Q: 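Below is a structure I'd like to ask you about.
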Amino acid sequence: MSAERFEFQAEIRQILDIVIHSLYTEKEIFIRELVSNASDALEKLRHLQLTEKEVYDERLGLEINITTDDQAKTIAIQDYGVGMTREELIENLGTIAHSGSKAFLEALKASGSGGSNLIGQFGVGFYSAFMVAEVVTVYTRTWRKEGQGWRWESDGGGSYTIEPAEGLRRGTKVVVKLKGEAGEFSLAERVEGALKRYSAFVPFPIYLNGKQVNTVQALWLKPREGIKEEEYVEFYKYHAHRNEEPLMWLHFSVDAPLQVYALLYVPSRNLERMGFGRMGTSVSLYCRKILIEQSPRGLLPEWLRFVHGVVDSEDLPLNISREAPQDRALIEKIGRVLTRRFLKFLEEMAVKDTEKYGKFIREFGFFLKEGAATDVVNRESLLSLLRFESSFLDVGKMTSLSEYVDRMKPGQEEIYYLVGNGRKMLEESPFMEGMKERGLEVLYCYDAVDEIVFENAREFAKKRFASADRAGLNLVGLEAPEAEGGLDREAGEELVRWLKSELGDRVMNVRISRRLKDSPVMALLEKDEPSVLMRRAMKAWNPEMEVPPLRVSLEINAAHSVIKKLHELLRRDKGRALLVANQLFDGALLAAGLVEDPVGMAKRMFEFVAKVGE
Ligand code: ADP
Ligand code: MG
């Protein structure tokens, strides 16, 4: 039977093109990726031996053999793992079996470079072999009794071939025929160096030309005292397929309520924020050093998806089943132990190393906020881990909510915040005037998610969150000094009545303000009105939905000269007074970010300008 030819899927062709033509740095990572695939295949086999009755070639050792030939310019990586059937070869090496390839392409576009650092993280590590290969040949025989050997081959162009191969043992052997400029990888010393770096934590013996190069160890089961910092760092690099150091890590074990060993890492960068798409779980589940699941769903809450690492528990059955309620419950229980301990770790870090914690918050604060908004069980701890800028602190300094609460004024019942595009805009907004007058602190938030956090969480330490751009703040007992020389009560009320009737549908309420100092007016949403952000979100979720028009209230500063003049004008010339009133209201809407009708606003402004010129 002769070889059959297949075309690579379009995305794979793109990846190959990039790998071959534009990834030049750190070519040696192909060794890490092929060894990691061999190790994965052995992990799967070890698991099958425990759960399946029959496995082909049962007695083969679980090991990885690497051979180099500097005459032939080849390097071969061979394992006795699960192997692949013909269908699996097509599926795993020729098509996008997982979303990894797409994510990788997007990540490459987003980062512009560093592809060789990224390639292993997106489930396309195999193709890194083409950085150095003229031809890659894969010999493989599945673990299933029925089945046969196959030979897969490609030069990284648009296609590959598959044909039967005789006399193969179980598992896979990847033979890389090196390109001229990559000949160094056929030298044993060169390969040994790379293996030492990348493969110290492979849980199976690795032999290079017959000589073992690694010591098999499960770092997470060893006592902390005996582990060097570099070992932690190297293990992270191996596990996360990354070439950068982690930001911090937590290594712990507990015996109750169940026995758990865990080693959890926080990466130094948030790839999701860099536009690399949503991450999956990256904490693998082991039972006594045996991998049960690489990315177990439901182990950790969604907001912890940035954490890398391993968790090992003897209490887990090897043939764990998602369908069995008791197994699911067990996974969740382990997850709760990890989550609680990790939160405690963050609390400690926040005190012990504020600089590092600040870095953590800048990179991963978003995830904590997501947690605070969605995870009711851990909400209070998550809220206390958040940090915000505030009107009481210099630019760049952050406060926790507990510190805010400690600084609250006697009689203050609410935690005030403002969400907006940057510090300057918030500092100068009319909403701050009354807060400054009263000496009240306001948290400055620059992220749409902040509003969702406060709206969902509602309160912290029994103090309600209140957005300072809303009407109905509880400022009882926090009166600001009364301004002098304003409109008298009667005149003020007259103006309010008139404004309300003339602005009509555009306004919900008009009031004399207790919160203005320098601005003549301000526009506010009433307490229970959905915010601009919420309204936008409602429209995004359901474009069909009729979102009711904004219901805004107007507050006027009776002590302000503009308001006093408006009152005079009202007596003389109602028509002009209305033009001015509309301009004031439009200005207030602009300052509050509440403009929903820019065309109408522009029309009113032109009309005003025309009148002024008369
Ligand atoms: P990933 O390892 O992240 O899934 P790769 O591109 O490295 O992505 O490998 C793609 C797939 O090819 C693997 O998921 C696996 O199914 C298969 N594969 C690769 N190498 C081996 C091997 N040595 N033994 C068995 N299967 C393999
Ligand atoms: Mg891989």
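Since the structure is predicted, the reported quantities are computational estimates derived from the model, not experimental observations. When a ligand or atom number is given, it counts from 1 through the structure's own listing order.
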Q: For atom 10 (C) of ligand 1, which of Asn92, Val82, Leu89 has the closest heavy atom?
A: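 Checking each option, the heavy atom nearest atom 10 (C) of ligand 1 is found in Asn92.
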
Q: In Å and rounded to the nearest 0.5 Å, what is the CD to CZ distance from Glu58 to Arg170?
A: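 Here the interatomic distance stands at 7.0 Å.
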
Q: Could you see which bit of Asp79 sits under 4.0 Å from ligand 1, with heavy atoms only: side chain, backbone, both or neither?
A: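 The answer is the side chain of Asp79.
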
Q: Met84 near ligand 1, heavy-atom distance under 4.0 Å?
A: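 For ligand 1, residue contact (heavy atoms, under 4.0 Å) with Met84 is present.
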
Q: Cation over ring, Arg13 on Phe8, under 6.0 Å and within 45°?
A: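 The answer is no; the distance or angle limit is not met.
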
Q: Can you say whether the rings of Phe185 and Phe30 are parallel (under 30°), tilted (30 to 60°) or perpendicular (over 60°)?
A: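 It falls in the perpendicular class, over 60°.
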
Q: I'd like to know if the Mg ion (ligand 2) has an N/O/S atom from Ser36 within less than 2.8 Å of it, counting both backbone and side-chain atoms.
A: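 Given the 2.8 Å cut-off, Ser36 does not count as a ligand of the Mg ion (ligand 2).
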
Q: Suppose I only count heavy atoms of Leu93 and a 4.0 Å limit; which atoms of ligand 1 are within that range?
A: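 Numbered from 1, ligand 1 contributes 12 (O).
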
Q: Could you go through residues 254-268 and list every donor-acceptor pair under 3.5 Å that involves a side-chain atom there, pairing it with any protein atom two or more places apart or in another chain?
A:
from: Gln259; atom 1: OE1; to: Glu314; atom 2: N; distance (Å): 3.1
from: Gln259; atom 1: NE2; to: Glu314; atom 2: OE2; distance (Å): 3.4
from: Tyr265; atom 1: OH; to: Tyr232; atom 2: O; distance (Å): 2.6
from: Ser268; atom 1: OG; to: Glu245; atom 2: O; distance (Å): 3.1

Q: Does ligand 1 come near enough to Gly125 that some N or O of the ligand is less than 3.5 Å from an N or O of the residue?
A: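 It does: an N or O of Gly125 is found under 3.5 Å from an N or O of ligand 1.
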
Q: Taking the six-membered ring of Tyr160, is NZ or CZ of Arg5 closer than 6.0 Å to its centre and within 45° of its axis?
A: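 Checked: cation-pi criterion not met.
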
Q: Backbone or side chain, does any N or O of Glu33 fall under 3.5 Å from an N or O of ligand 1?
A: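 Such a contact does not occur with ligand 1.
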
Q: Under 3.5 Å between any N/O of Thr172 and any N/O of ligand 1: does that happen in this structure?
A: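 Yes, there is a polar N/O contact under 3.5 Å.
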
Q: Does the ring center of Trp220 lie less than 6.0 Å from the ring center of Tyr286?
A: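 Trp220 vs Tyr286: aromatic centres under 6.0 Å.
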
Q: Just to verify, what does Ser128 make a side chain to side chain donor-acceptor pair (under 3.5 Å) with, not counting sequence neighbours?
A: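 Not a single residue meets the side chain to side chain donor-acceptor pair (under 3.5 Å) criterion with Ser128.
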
Q: Does an N or O from Phe126, backbone or side chain, lie closer than 3.5 Å to an N or O of ligand 1?
A: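 Yes; at least one N/O pair falls below 3.5 Å.
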
